[in-house]
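To find a chain, count down the sequence lines: A is the first, B the second, and so on, and within it residues start at 1. Remember, it's a predicted structure, so these values are computed and weren't measured experimentally.
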Amino acid sequence: MGYWILKSDPESYDWDSLEKDKTTVWDGVRNYQARINLNAMKKNDKALIYHSNSDKAIIGTAKITKEAFPDKTSTDEGWVAVEITVGTKLNKPVALSQIKANIMLKDIGLVRNSRLSVIPLTEQEYEIITEMGS
DNA sequence: GCCAACGTTGGC
DNA sequence: GCCAACGTTGGC
């Protein structure tokens with residue numbers, strides 16, 4: 001079982017859109033490191049949805065429902081997308097500042113490399129964040 | 001193959 | 001709106 005953070009700019013696609021759609025194709029990733037992570041995802045892996053820019057907080061959970069397949073939004077070979085299904089919204093969003101303040105979460109990619117849009121987590125880190133949001 | 005210049009992202 | 005960090009591009 002893998003755990004991930006999926007980062008999205010709420011101006012382009014936000015949590016409410018995901019709740020409405022129920023299922024969406026997570027495409028448009030054009031970063032090599034993020035692509036490696038997408039390819040590593042397995043069906044039923046869990047993900048956290050993070051809003052960058054205006055919100056800077058983790059909003060809710062999602063589940064990987066389809067493993068990496070070619071990204072139709074690109075004509076270049078090699079880029080991939082996954083399909084995710086909405087999970088549950090956290091009772092309160094977990095702000096980036098809270099994550100930074102938590103010593104247990106010091107090393108996650110969200111803090112270390114703020115530009116990476118698909119970030120791997122350990123099970124423990126996933127639990128800590130969802131706990132903080134409950 | 002190195003590195004400077006440039007573009008983009010995202011936190012502040 | 002600014003700037004730091006990172007990625008990419010292109011000249012050499």
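Put simply, CG on A/N53 is 8 Å from C1' on B/dT9, counting in whole angstrom units. Distance A/E11 CD to B/dT9 C1': 13 Å, rounded to the nearest Å. If you take CD1 of A/I119 and P of B/dT9, they are 15 Å apart, rounded to a whole angstrom. Here the P atom of nucleotide C/dC6 and the CG atom of A/L110 are 14 Å apart, to the nearest Å. Straight-line distance from the NZ atom of A/K7 to the C1' atom of B/dG10: 7 Å, rounded to whole Å. Computed from coordinates, the A/R30 CZ to C/dT8 P distance equals 12 Å when rounded to whole Å. The distance between atom OH of A/Y32 and atom P of C/dT9, rounded to the nearest whole Å, is 14 Å. One can place CZ of A/R115 at 10 Å from C1' of C/dA4, the figure rounded to the nearest angstrom.
Side chain of A/N31, nearest nucleotide from C/dC6, B/dG10, C/dG7: C/dG7.
In this pair, A/Y3 and A/Y126 present their aromatic rings tilted. The plane angle is within the 30 to 60° band.
Taken to the nearest 0.5 Å, the CZ atom of A/R35 stands 5.0 Å off from the CH2 atom of A/W79. Distance NZ/A/K56 to NZ/A/K7: 12.0 Å, rounded to 0.5 Å.
The same ILVMFWY cluster, assembled from side-chain heavy atoms under 4.5 Å apart, contains both A/M1 and A/L121.
Across all strands, A/K56 comes closer than 4.0 Å to base atoms (heavy-atom distances). In this structure, A/N113 reaches the sugar-phosphate backbone alone: every heavy-atom distance under 4.0 Å involves primed, P, OP1 or OP2 atoms, never a base. Contact annotation for A/L96: backbone-only contact, meaning every heavy-atom pair under 4.0 Å involves sugar-phosphate atoms and none involves a base.
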